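Notes follow once the structure below has been shown.
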Amino acid sequence: QVQLVESGGGLVQAGGSLRVSCTASGLTFSRYTMGWFRQAPGKEREFVARISGSGSTTYYAGSVKGRCTISRDNDKNTVALQMDRLKPEDTAVYYCAADSPATARLEWIYWGRGTQVTVSS
């Protein structure tokens with residue numbers, strides 16, 4: 001059974017930093033592109049960042065590019081999102097997701113339950 005468990009959310013002041021992590025189990029972790037998404041109250045879930053299975057390729061949403069860094073440790077089955085210079089509009093529940101290795105196109109097939117990040121102004 002695949003499980004993705006996020007941790008590290010919390011309350012931070014605007015301009016501060018926070019690191020959220022996701023620990024995966026039940027899958028061959030290095031085969032999966034991993035991603036972070038977020039959902040703010042009253043808004044749809046949106047893509048934040050993704051990283052290839054090897055960790056060699058990353059991609060970011062324009063809203064976080066330059067402020068966030070995604071990384072992974074395939075020995076520990078973890079993926080992290082370091083967020084700097086946080087803004088109140090970054091407030092959301094942050095979700096970890098795994099992309100299916102069976103298809104060339106992105107298909108996010110596994111999801112965590114999310115961790116709350118709140119940025120105060």
Side-chain angles (χ1 to χ4, degrees):
Q1 180 181 0
V2 175
Q3 282 192 315
L4 303 179
V5 180
E6 300 93 340
S7 61
L11 174 65
V12 63
Q13 287 188 332
S17 298
L18 201 63
R19 182 181 178 90
V20 291
S21 298
C22 171
T23 301
S25 60
L27 73 172
T28 304
F29 186 68
S30 61
R31 293 187 61 203
Y32 290 76
T33 290
M34 298 299 295
W36 284 97
F37 292 75
R38 67 186 182 186
Q39 187 168 19
K43 295 187 177 181
E44 292 187 355
R45 188 175 299 186
E46 65 174 359
F47 166 78
V48 177
R50 69 175 185 260
I51 185 167
S52 61
S54 66
S56 61
T57 303
T58 58
Y59 185 78
Y60 298 90
S63 58
V64 304
K65 193 171 185 179
R67 299 190 297 118
C68 291
T69 303
I70 189 171
S71 61
R72 66 189 297 158
D73 184 334
N74 286 346
D75 291 332
K76 296 181 179 179
N77 283 15
T78 59
V79 58
L81 184 70
Q82 174 69 37
M83 300 180 285
D84 301 315
R85 302 193 302 281
L86 283 160
K87 305 175 182 180
E89 50 263 44
D90 294 317
T91 295
V93 177
Y94 282 72
Y95 297 91
C96 171
D99 168 50
S100 170
T103 61
R105 61 180 175 84
L106 289 170
E107 183 179 357
W108 302 100
I109 56 172
Y110 301 121
W111 292 84
R113 293 189 174 185
T115 185
Q116 176 70 47
V117 171
T118 302
V119 184
S120 63
S121 57

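Just so you know, these numbers come straight off a predicted model, no measurement behind them. What you see below is based on every heavy atom in this structure, not just the backbone, and it leaves out hydrogens, waters and symmetry mates.
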Problem set entry | Side-chain touch S21/K76, heavy atoms, less than 4.5 angstrom |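 No. Closest side-chain heavy atoms not under 4.5 Å.
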
Nearest heavy atoms of [X] and [Y], plus distance in Å:
X    : Y    : value
G114 : V93  : CA-CG1, 3.8 Å
R38  : A92  : CB-CB, 3.8 Å
L81  : V48  : CD2-CG1, 3.9 Å
T33  : W108 : O-CZ3, 3.8 Å
I70  : M34  : CD1-O, 4.0 Å
A98  : Y32  : CB-CD2, 3.9 Å

Report yes or no: does [X] contribute a side-chain atom to a donor-acceptor pair with the main-chain N or O of [Y] at less than 3.5 Å?
X   : Y    : answer
E6  : T115 : no
D99 : E107 : yes
R72 : G55  : no
S30 : G53  : no

Exercise. What is the ring orientation for Y95 with W111, classed by angle as parallel under 30°, tilted 30 to 60°, or perpendicular over 60°?
Worked result: perpendicular

